[in-house]
Structure formats: structure tokens, C-alpha cells
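The structure appears right after this line, and notes come after that.
These numbers were taken from a predicted model, which means no experiment stands behind them.
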Amino acid sequence: MSTPCINVCAIDARSGLCTGCARSLEEIARWSRLTERERRAVMETLPARLAAMLAK
């Protein structure tokens with residue numbers, strides 16, 4: 001199973017996203033139930049999310 005997790009699990013208070021992987025709590029909770037295609041679609045959005053978090 002593909003995962004962006006880097007074992008840095010802390011939620012950013014402003015964005016509500018994990019500071020390690022940039023997934024939301026809902027995405028993290030549903031991750032094992034998503035199809036590989038759905039996981040890859042989410043993972044494509046993560047670099048932009050991380051960049052946005054770092055820019056704030």
C-alpha cells in the first residue's frame with residue numbers, strides 16, 4: 001500500500017494537516033480503505049499542500 005507517511009505525526013493548527021505528510025485527519029483515518037488509485041490521487045496534491053504550509 002502506498003503511503004506518504006514519514007512518521008512525523010503532528011497536526012498543524014492552522015491548516016488541519018499533518019506536518020509530516022500533509023494529509024488531513026479524515027484522509028489519514030480513511031487511508032487503508034482507499035483504493036490505490038484514490039491514494040495516488042491524494043498523494044499528487046501533497047507537495048503543494050506542504051509548500052503552502054511552509055509558506056505561512
Side-chain angles (χ1 to χ4, degrees):
M1 174 188 326
S2 299
T3 181
C5 183
I6 60 168
N7 294 318
V8 176
C9 304
I11 301 301
D12 177 68
R14 283 191 232 178
S15 67
L17 301 174
C18 176
T19 59
C21 68
R23 290 180 294 170
S24 68
L25 286 173
E26 180 182 340
E27 289 167 336
I28 293 167
R30 294 183 314 126
W31 198 254
S32 65
R33 294 186 306 270
L34 296 176
T35 65
E36 184 64 21
R37 186 177 191 175
E38 291 168 324
R39 286 190 290 270
R40 290 192 183 280
V42 171
M43 290 189 336
E44 287 179 16
T45 69
L46 300 180
R49 291 182 191 182
L50 283 170
M53 275 196 304
L54 293 174
K56 292 183 180 185

I'd like to know if the side chain of T19 and the backbone of A10 have a donor-acceptor N/O pair within less than 3.5 Å. yes
Salt-bridged, E27 to R39, with N to O below 4.0 Å? no
NZ/NE/NH1/NH2 to OD/OE distance under 4.0 Å, E44 and R40: no
Just verifying a value: how many Å separate [X] [atom1] and [Y] [atom2], rounded to the nearest 0.5 Å?
X   : Y   : atom1 : atom2 : value
I6  : C21 : CD1   : SG    : 7.5 Å
L34 : S2  : CG    : OG    : 11.0 Å
W31 : E38 : CH2   : CD    : 9.5 Å

Using every non-hydrogen atom in the two residues, find where R49 and S24 come nearest and quote the distance to one decimal. NH1-N, 4.0 Å
Could you give me the CA-CA distance, side-chain angles and deciding distance for C18 and D12, then say whether side chain to side chain contact (heavy atoms under 4.5 Å, CB included) is met? CA-CA 6 Å; C18 176; D12 177 68; over 6 Å; no
Within one Ile-Leu-Val-Met-Phe-Trp-Tyr cluster: L50 and I11, side-chain cutoff 4.5 Å: no
Go through the steps to decide whether L17 and R23 satisfy the test side chain to side chain contact (heavy atoms under 4.5 Å, CB included), and finish with yes or no. CA-CA 5 Å; L17 301 174; R23 290 180 294 170; 6.0 Å; no
